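Right, one structure below, let's go through it.
Order of the sequence lines sets the chain letters (A, B, ...), proteins ahead of strands, with each chain counted from 1. Computed from a predicted structure; not experimentally measured.
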There are 2 protein chains.
Amino acid sequence: MERNTSQRRAIQRVLQESARPMGPREILEAARRHIPGIGIATVYRTLKRAVEEGSLAQVDLPGEPPRYEMSGRNHHPYFRCRSCNRVFGARTGPKVPANLVPPGFQVEGHALYLYGLCSDCVPAAN
Amino acid sequence: MERNTSQRRAIQRVLQESARPMGPREILEAARRHIPGIGIATVYRTLKRAVEEGSLAQVDLPGEPPRYEMSGRNHHPYFRCRSCNRVFGARTGPKVPANLVPPGFQVEGHALYLYGLCSDCVPAAN
DNA sequence: ATCTCTGCAAATGTTTTGCATCAGC
DNA sequence: GCTGATGCAAAACATTTGCAGAGAT
């Protein structure tokens, strides 16, 4: 049976309090503020389990290592800031593309990513 | 000055003859059919250089290691077959999404990926 | 002859795994 | 007290790099 350890609570709390998906290293460092001794292997193991079990969602962007967020926050499309590299959920209706893919191909789904500047990084604003 | 070695010719030829972007390992194995002794380090070095120099394009899909193709073939969107995992260029007009991203954000670009079954993998067809 | 490129092996960075110990139940 | 979870260190992978020798110009 699944055990409720302080490490898992710490990781869950970190992601609960984060407004955006985070990477394993980032999660480790944040979790260490609650549990200084926590190890990276535990973070990886916990993330993997939580994704399989469905409580966390893995967020993959092209050319980027995976990030993680609470499921239910799973946004689509995601927006990546070219300045700070942080990733945010965007919540835009996907507007599915025309099926003008190669003949004989069957489209079942799609993913859309946006790039630009987040509000913190827009130059003459904010 | 840049040298025209048999290894580079082999790698270029492999990608020239390929209808889809390929990964480093895949490229190595294909190139070995022309030059048995070629090493993986040479493949990585050659790909990196060619991308910087612009003759090859790096194709990144979410959660996937990079693939490479001749530039000019750079398709967008890309289509990935969920059965054989191969990636194909799709050549669909992007139909840019509405700018309903979070307020204060500046969208500069986007990327779209399609998933489904390629013509080789569609069940009762072909 | 020069100087870049290559192959090998070692280094790096990231993720996974084995194992003895720890701690939740 | 069981048994799953943890931390550490080692292993596994993918990619990069140092270096001496090979090959292109």
Kindly state which residues belonging to residues 52-68 of chain B come within less than 4.0 angstrom of DNA chain C, counting heavy atoms of the residue only, listed by number.
none
Who passes salt bridge (Lys or Arg N to Asp or Glu O under 4.0 Å) against Glu64(A), sequence neighbours left out?
Arg67(A), Arg80(A)
N/O donor to acceptor pairs below 3.5 angstrom from side-chain atoms of residues 28-35 of chain A, sequence neighbours left out:
residue	atom	partner	partner atom	Å
Arg32(A)	NE	Pro36(A)	O	3.3
Arg32(A)	NE	Ile38(A)	O	3.0
Arg32(A)	NH2	Ile38(A)	O	2.9

For Ser55(B), which residues count as a side chain to side chain donor-acceptor pair (under 3.5 Å) partner, sequence neighbours excluded?
Glu53(B)
Sequence neighbours excluded, which residues qualify as side chain to side chain donor-acceptor pair (under 3.5 Å) partners of Arg45(B)?
none
Quick one, which residues of residues 30-39 of chain A touch DNA chain D with a heavy atom under 4.0 Å?
Gly37(A), Ile38(A), Gly39(A)
Going 5' to 3' through nucleotides 17-25 of chain C and flagging B where a protein heavy-atom sits under 4.0 Å of the base, S where only the sugar-phosphate is that close, and - otherwise, we get BB----BBS
Taken in chain and number order and not counting sequence neighbours, the residues that satisfy side chain to side chain donor-acceptor pair (under 3.5 Å) with Gln12(A) are Gln16(A)
Chain A footprint on DNA chain D, 5' to 3' - any atom under 4.0 Å from a heavy atom:
dT3(D) to dC8(D)
Residues which pass side chain to side chain donor-acceptor pair (under 3.5 Å) with Ser71(B), listed by chain and number, not counting sequence neighbours
none
Once salt bridge (Lys or Arg N to Asp or Glu O under 4.0 Å) is applied, what residue pairs with a partner in residues 1-14 of chain A remain, sequence neighbours excluded?
Glu2(A)-Arg8(A), Glu2(A)-Arg49(A), Arg13(A)-Glu17(A)
Considering residues at least two apart in sequence or located in another chain, which fulfil the side-chain contact (heavy atoms from CB on, under 4.5 Å) criterion with Pro66(A)?
Gln58(A), Asp60(A), Tyr68(A)
